[in-house]
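Remarks on the structure that follows.
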Number of protein chains: 2
Amino acid sequence: MHLSAQEEYGLRCLLRLALDEGEGVMRVQDIAEAEGLSPEYVSKLMRVLRLGGLVDSTRGACGGYRLSQTADSITLWDAIEVLGGSFFPECFCEAHPGIRRDCARADDCSIRVLWRTVSDLVRGGLSRVSLADLKRGEEAMRTWLTTDVSWVSEALAGSTPRARGEGA
Amino acid sequence: MHLSAQEEYGLRCLLRLALDEGEGVMRVQDIAEAEGLSPEYVSKLMRVLRLGGLVDSTRGACGGYRLSQTADSITLWDAIEVLGGSFFPECFCEAHPGIRRDCARADDCSIRVLWRTVSDLVRGGLSRVSLADLKRGEEAMRTWLTTDVSWVSEALAGSTPRARGEGA
DNA sequence: TAAAAACTATACAGAGTTGTCTAGATTATT
DNA sequence: AATAATCTAGACAACTCTGTATAGTTTTTA
């Protein structure tokens with residue numbers, strides 16, 4: 001249940017391009033310097049983003065990368081889908097049958113419903129935040145998320161986690 | 001952003017103990033057969049759960065495992081914390097500085113706020129579902145989650161993901 | 001006290017992830 | 001046409017995760 005390095009660093013590179021939106025192309029070296037990553041690693045990440053259709057590249061001298069669409073039309077879910085995929089992909093149960101051919105819980109699995117729900121909530125939430133939204137600074141982002149974004153404020157309201165031992 | 005095998009299979013073992021609640025202890029072999037896993041693997045998973053304080057063990061003949069508390073007082077967040085840890089742990093930024101000593105975004109990082117928020121929402125949600133809740137069947141669980149659990153139904157309401165290219 | 005039942009601990013190979021390295025292909029400029 | 005700038009592709013070693021294997025410890029029972 002961890003964010004992978006590729007998801008994290010790939011998103012940083014994407015946000016860097018968003019911050020540079022409208023300024024022509026950005027070279028790998030520029031992105032690497034801005035983000036504190038090695039140019040080799042940035043190259044690899046940009047390839048993933050390009051194959052995923054999120055950025056366009058121009059080769060040769062004066063070449064570089066730019067977003068394939070405007071920053072406000074690329075959602076964080078688009079980015080995560082390209083960089084790492086779903087929290088609970090369709091094939092998960094099929095891929096985790098244990099030592100049997102079919103999962104012991106194939107017929108009736110409450111866990112599956114739970115993860116599917118969490119996955120849908122995360123996907124739904126990330127689909128409503130764009131790269132343009134991320135371009136605000138940290139403090140503005142915090143304010144926006146906790147006060148202006150209804151799906152967050154509603155979910156956070158009354159979300160005191162149940163203490164262990166408190167009962168159902 | 002994937003669920004790990006240890007999280008998935010460990011939770012299945014824990015749920016198996018919950019289903020057996022009140023029936024004395026359950027042997028590794030029983031759990032393994034019920035879940036379709038190898039006894040060796042179940043042993044390893046049970047060790048993690050025991051070190052995490054979620055289950056108690058009895059050694060020797062007639063020994064086995066049981067939940068350390070009632071099923072309704074162990075939340076899914078308790079389980080995930082022991083089996084895999086947070087989606088976005090406190091140390092994440094410190095552990096991903098790139099090639100610099102300090103992260104290039106240490107001072108102002110809108111991404112950090114975003115992941116922290118998602119992480120808090122997942123933790124809050126999972127803290128309000130217990131092993132006892134999981135003991136219902138799949139269909140009952142689905143109904144319960146989508147209609148009775150306010151934080152889910154509120155979050156799902158109006159959660160049509162924004163299509164790519166639709167704009168902000 | 002010996003044997004069987006059952007958990008405990010650690011080592012290990014295979015697979016996936018991470019980040020680097022090297023060589024190649026394409027384009028602008030002179 | 002030659003050179004420099006820049007992206008492209010794939011190999012690779014170190015690390016982590018996954019699941020198995022093996023040997024050890026504790027408890028019950030006869």
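Below, read A as the first sequence line, B as the second, and so on, with proteins coming before strands; counting in each chain starts at 1.
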[X] side chain, from C-beta outward: closest of [options]:
| X | options | answer |
| --- | --- | --- |
| A:Tyr41 | D:dT18, C:dT18, D:dC7 | C:dT18 |
| A:Tyr65 | D:dT28, D:dT18, D:dC7 | D:dC7 |
| B:Ser43 | D:dT28, C:dT8, D:dT18 | C:dT8 |

OP1 or OP2 of [N] less than 4.0 angstrom from a side-chain nitrogen or oxygen of [X], does that happen here?
| X | N | result |
| --- | --- | --- |
| A:Arg47 | D:dA9 | yes |
| A:Arg50 | D:dT8 | yes |
| A:Arg59 | C:dT27 | no |
| B:Ser38 | D:dT20 | yes |
| B:Thr58 | D:dT27 | no |
| A:Tyr9 | C:dT17 | no |

In whole angstroms, how far is the [atom2] atom of [N] from the [atom1] atom of [X]?
| X | N | atom1 | atom2 | value |
| --- | --- | --- | --- | --- |
| A:Arg27 | D:dT8 | CZ | P | 15 Å |
| B:His96 | C:dT17 | NE2 | C1' | 11 Å |
| B:Gln29 | C:dC7 | CD | P | 9 Å |
| B:Leu45 | D:dC17 | CG | P | 14 Å |
| A:Lys44 | C:dT20 | NZ | P | 10 Å |
| A:Glu40 | D:dT6 | CD | P | 15 Å |
| B:Ile31 | C:dC7 | CD1 | C1' | 11 Å |
| A:Ile99 | D:dG19 | CD1 | P | 11 Å |

* Aromatic plane relationship, B:Phe88 with B:Phe92 - under 30° parallel, 30 to 60° tilted, over 60° perpendicular -> tilted
* Are A:Ser43 and A:Glu40 linked by a side-chain donor-acceptor pair shorter than 3.5 Å? -> no
* Does one side chain, of B:Asp120 or B:Thr117, offer a donor that lies under 3.5 Å from an acceptor on the other? -> no
* Structure fact -> Contacts of A:Ala61 and B:His2 projected onto DNA chain C by closest heavy atom; the upstream (5') one is B:His2
* To do: Carefully, step by step, assess B:Glu35 and A:Arg105 under the rule salt bridge (Lys or Arg N to Asp or Glu O under 4.0 Å).
  => CA-CA 8 Å; B:Glu35 292 298 329; A:Arg105 295 179 181 275; 2.6 Å; yes
* Asked: Who passes ring-ring contact (aromatic ring centres under 6.0 Å, His included) against A:Tyr41, sequence neighbours left out?
  -> A:Tyr9
